[in-house]
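A short worksheet on the structure shown next.
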Amino acid sequence: MQFDPVEQAEIREARLSMLTEEQIAVYESVTADLVAGSGGLHFLDAPAGTGKTFLLEVLLAFVRSRGELALAVAASGIAATLLPGGQTAHSTFKIPVRLLRSNKDVCAVGAQSKQAEVFRRVRLIVWDEISMTNRKDLESVDRCLRDVRKQDKPFGGVTLVCSGDFRQLLPVVVNGTRANSVMACVCR
Ligand SMILES: Nc1ncnc2c1ncn2[C@@H]1O[C@H](COP(=O)(O)OP(=O)(O)OP(=O)(O)O)[C@@H](O)[C@H]1O
């Protein structure tokens, strides 16, 4: 999906003036990594309605206003629709759909594919509903990005912002107990 940098700059400026102090602190930390090109992992854990999605939208607009590529993903289709250009993580990263995940699962992205080219260009990934994401899926994406981008750094050196609320839903584990869901979480 193409975004008009001028329009994105307008969105960024309009929203920037509305950010709370806490949102500004996160915005500054993430954009510092983006400007430095240093990668970086950021984790946003806050209760429902505190403005996580609002902040993700500003971060996406920041990158897109620079004419650069930012991907927005979420664990569910519904949450993905709330992010501009959002898609499910499974669709974007071609994460294998399995009932039993393994440490060796790989994303179905060929080195010469269009998606691999997107992964080589991407500067920012925002991943919403991270509390519902199975950690093995996140690990598959980490392996895929390191491989495609030929950089042995977390997520191949892409700046990643995970956002979620562990007071809400945890990953679904088929026939699993609550303990299994907790074990499947990105954060235990
Ligand atoms: N700084 C802000 N200025 C104005 N409105 C804001 C700001 N931050 C958030 N909002 C508004 O507050 C409401 C809730 O914000 P948002 O949906 O981003 O929360 P959330 O933390 O993502 O919630 P959930 O965890 O349920 O997805 C939205 O209507 C959003 O537009």
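Atoms within each ligand, like the ligands themselves, are counted from 1 in listed order.
One finds the NE2 atom of H42 at 3.5 Å from the CG atom of D33 (value rounded to the nearest 0.5 Å).
Remark: side-chain polar atoms of R149 are paired, donor with acceptor, to backbone N or O of G156 under 3.5 angstrom.
The atoms of ligand 1 that sit less than 4.0 Å from any heavy atom of M18 are 1 (N), 2 (C), 3 (N), 4 (C). For ligand 1, the atoms sitting less than 4.0 Å from at least one non-hydrogen atom of L19 are 1 (N), numbered in the order shown with element in parentheses.
In this structure, E22 places its CD atom where only 12 or fewer heavy-atom neighbours from other residues, nucleotides or ligands lie under 6.0 Å away.
Under a 4.0 Å heavy-atom criterion, G49 is in contact with ligand 1.
Evaluated by nearest non-hydrogen atom to atom 9 (C) of ligand 1, the leading choice among P47, G51, S163 is G51.
R120 has a carboxylate O that lies under 4.0 Å from a charged side-chain N of E117, or vice versa, which qualifies the two as a salt bridge.
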